[in-house]
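For reference, the structure discussed in these notes is given below.
In what follows, chains are A, B, ... by sequence order, proteins preceding strands, each numbered from 1.
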Protein chains: 2
Amino acid sequence: MSNRPARPSAAPTLKDLARLAGVSPITASRALHRPELVAEATRTRVAQAVEQSGYVPNSLAGGLTSRQTRLVAAIVPSMGHSLFSDMLDALITSLAAERYETTLGISRYDPAHEETWLAAMLSRRPEGVVLTGTEHTARARRLLLNADIPVVELWDYTPHPLDVIIGFSQEDAGRAAFRHLAACGYQRPAILRSDDSRAHRRAQGFLRAAAETGAPEPVQIVFPEDSPQTGRGRDAFSALRAQAPQADAVFCSSDALAQGVLAQAHALGLQVPRQMGVLGFGDQALAVDCIPALSSVKVDGAYIGRLGAAALIARMRGENVTAAQDVGFEVIARASTRAAAGRP
Amino acid sequence: MSNRPARPSAAPTLKDLARLAGVSPITASRALHRPELVAEATRTRVAQAVEQSGYVPNSLAGGLTSRQTRLVAAIVPSMGHSLFSDMLDALITSLAAERYETTLGISRYDPAHEETWLAAMLSRRPEGVVLTGTEHTARARRLLLNADIPVVELWDYTPHPLDVIIGFSQEDAGRAAFRHLAACGYQRPAILRSDDSRAHRRAQGFLRAAAETGAPEPVQIVFPEDSPQTGRGRDAFSALRAQAPQADAVFCSSDALAQGVLAQAHALGLQVPRQMGVLGFGDQALAVDCIPALSSVKVDGAYIGRLGAAALIARMRGENVTAAQDVGFEVIARASTRAAAGRP
DNA sequence: CTGTTAGCGCATTCAG
DNA sequence: CTGAATGCGCTAACAG
């Protein structure tokens, strides 16, 4: 029951370490952090002392003096979305390679949460911040400005970022999605999406493209942002069939959602893509490979994570980098066009 | 090009804040952290001073004195696996609700990486640590013991954990998987798995169960741990067909993998589950709902994350909690048994 | 309810 | 190559 024996402890400090090694604290410190400035013999004795005492540096104290924390703060709306988890994997790994550690927040798509998280995080004096999107509260912006540290915004694009931005235009992605479906011969494409601001803006682009073509206004089914995607595909698609039986294609706000729709379409006996087009969004390209009926607006989460890390690292080193980068997206069509399906 | 105008800066400290509010630093500190100890009027003036000066506390300094960092260190093998990302979402969210922040590491299934990460992390003086599995280097164990902070191990089970453990027996899960497939009438089930230690041990349980039944030894296809799962299902299944054409069912090490296998089976014209049984592993139960042919050994990542957070929080508060908890798993059979598929 | 004193553990000066 | 002095910004422990 008692999980851990009470220890008298008092973790050894640099002073203890130095005494054990028979040197001054500062020499011990140097032996640890800048070994090239210390004689071989001294270094060895310090190393032995570390071994003996089990010394672990206290980076709170270190950071307080040196003003270097090697900490990065990053926030995403959720981790359920594979785009974000893949991005984070790449981001964290890339940062770790440069000896930066990452503290993570989850905003639930709510700028107010982001603000709260940010206020708490900044007290740890991170050397850089990674945000999702461009929507931030006024106070969040002010905090970041005052903090005077590099900021990278991901997943979206604006010519006027807080600092560095890496992403793409959601509107353009939505327009491209519509044009793709239209080119495939679908007449009444619909939208199935979660209720978050980027999906919303993709939908705007989609609707606008439809309007420009003179096509009838696409039906939209919207559901809460954070619901499990694949499962949601089932009922969302059923809802769509009930509400808009004439719809002959669906633009989904995620690949997982699209897979759910695909499965449900099969269950309803609809032939995809001949009777129903399904277009996803995300980076599950390999998943797409497995399911030839599915196309996708492709964005690469890991790529964005790597780019974000690289930009942040450069900025943290004091280098200037291009402030804005539209990394774009790509519309992937497998054997999924109605036209292709039509030709035997 | 220049990303940020040079600021004279020098962030205001508590002393500055106190001066501005016309109180002593300690009173300002209390107004911020223990407002109930401070007169209403004073509190207001401090709040105004915060507003004016844009003061942000420095928790490095605070933590150095108070020995409280409200920091938790957590590590997972990767983020690509939805089990881990869902767990992390729940873990981080639960911890944030108690004002703990989480720093994240990624081990790539390598205990040596874990050790390196841990050594770096401990210098930040986290108040608790969350690890994946029970496999740690000797030095990692020593570091944790010396650090003398609560540790929670997740996803696995042993009666002799480092501190608290929350998970289940991989061997048992593997045995259950075999028994399930056998009960469904499959004669030659095979294993498709990634090369990580937990999947390995599930496979061991599977093989042992087969041996006990006197069944022929199941074929195993093993691939590198971190490859994209769904896509991998395609070639892995093809490899299986080539290598063991007699196999009539597959136990996959993840749900994503199983979905890939399912898609490929369809592509090869195999009827699932009549001609080929497919059994996954994970918590994509809703995904499973969409694909009636797929069953799964179900474990709930978010649940494990919540339990882990709760246990860690309790321990960080100095409470004793049950050191070991086998949260189990569940074998879900949809309309996926061969028997059920046989009966029209 | 408020203030004083002291020191957390370390790295940055500047000297040798 | 090594050391001494000093302070980073804050809070604990007392005192009023």
When the distance from [atom1] of [X] to [atom2] of [N] is rounded to whole Å, what number comes out?
{"X": "A:R30", "N": "C:dT13", "atom1": "CZ", "atom2": "P", "result": "12 Å"}
{"X": "B:R43", "N": "C:dT2", "atom1": "CZ", "atom2": "C1'", "result": "14 Å"}
{"X": "B:H33", "N": "D:dC10", "atom1": "NE2", "atom2": "C1'", "result": "8 Å"}
{"X": "B:Q68", "N": "D:dC10", "atom1": "CD", "atom2": "C1'", "result": "14 Å"}
{"X": "B:N58", "N": "D:dG7", "atom1": "CG", "atom2": "C1'", "result": "14 Å"}
{"X": "A:R34", "N": "C:dT13", "atom1": "CZ", "atom2": "P", "result": "11 Å"}
{"X": "B:E36", "N": "C:dT2", "atom1": "CD", "atom2": "C1'", "result": "15 Å"}
{"X": "B:R125", "N": "C:dG9", "atom1": "CZ", "atom2": "P", "result": "8 Å"}

Contact list for residues 120-157 of chain A, test ring-ring contact (aromatic ring centres under 6.0 Å, His included), sequence neighbours left out
A:F84-A:W155

Taking all heavy atoms of A:G308 and all of A:L91, pick out the closest pair and write down the distance.
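Shortest heavy-atom contact: C-CD1, 4.2 Å.
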
Does a side-chain heavy-atom distance below 4.5 Å link A:T102 with B:L104?
no

Close side-chain approach of B:T69 and B:R124, heavy atoms under 4.5 Å:
no

[options]: which one has an atom nearest the side-chain heavy atoms of [X]?
{"X": "A:S66", "options": "C:dG9, D:dC10, C:dA11", "answer": "C:dA11"}
{"X": "A:L64", "options": "D:dT2, C:dG9, D:dG3", "answer": "C:dG9"}
{"X": "B:A39", "options": "D:dC1, C:dC1, D:dC10", "answer": "C:dC1"}
{"X": "B:I26", "options": "D:dC10, C:dT4, C:dC10", "answer": "C:dT4"}

Describe the nucleic acid contact of A:L14 in one word from base, sugar-phosphate, nothing, applying a heavy-atom distance below 4.0 Å.
sugar-phosphate

Please work out if B:T42 contacts a base, only the sugar-phosphate, or nothing of the nucleic acid, heavy-atom cut-off 4.0 Å.
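Result for B:T42 = sugar-phosphate.
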
Phosphate OP1/OP2 of [N] contacted by [X] side-chain N/O (<4.0 Å):
{"X": "B:S24", "N": "C:dG3", "value": "yes"}
{"X": "B:S29", "N": "D:dC10", "value": "no"}
{"X": "B:T65", "N": "D:dA12", "value": "no"}

B:R67 (side chain) and C:dG9 (base): donor-acceptor pair under 3.5 Å:
no

B:R43 side chain vs B:L37 backbone, donor-acceptor pair below 3.5 Å
no

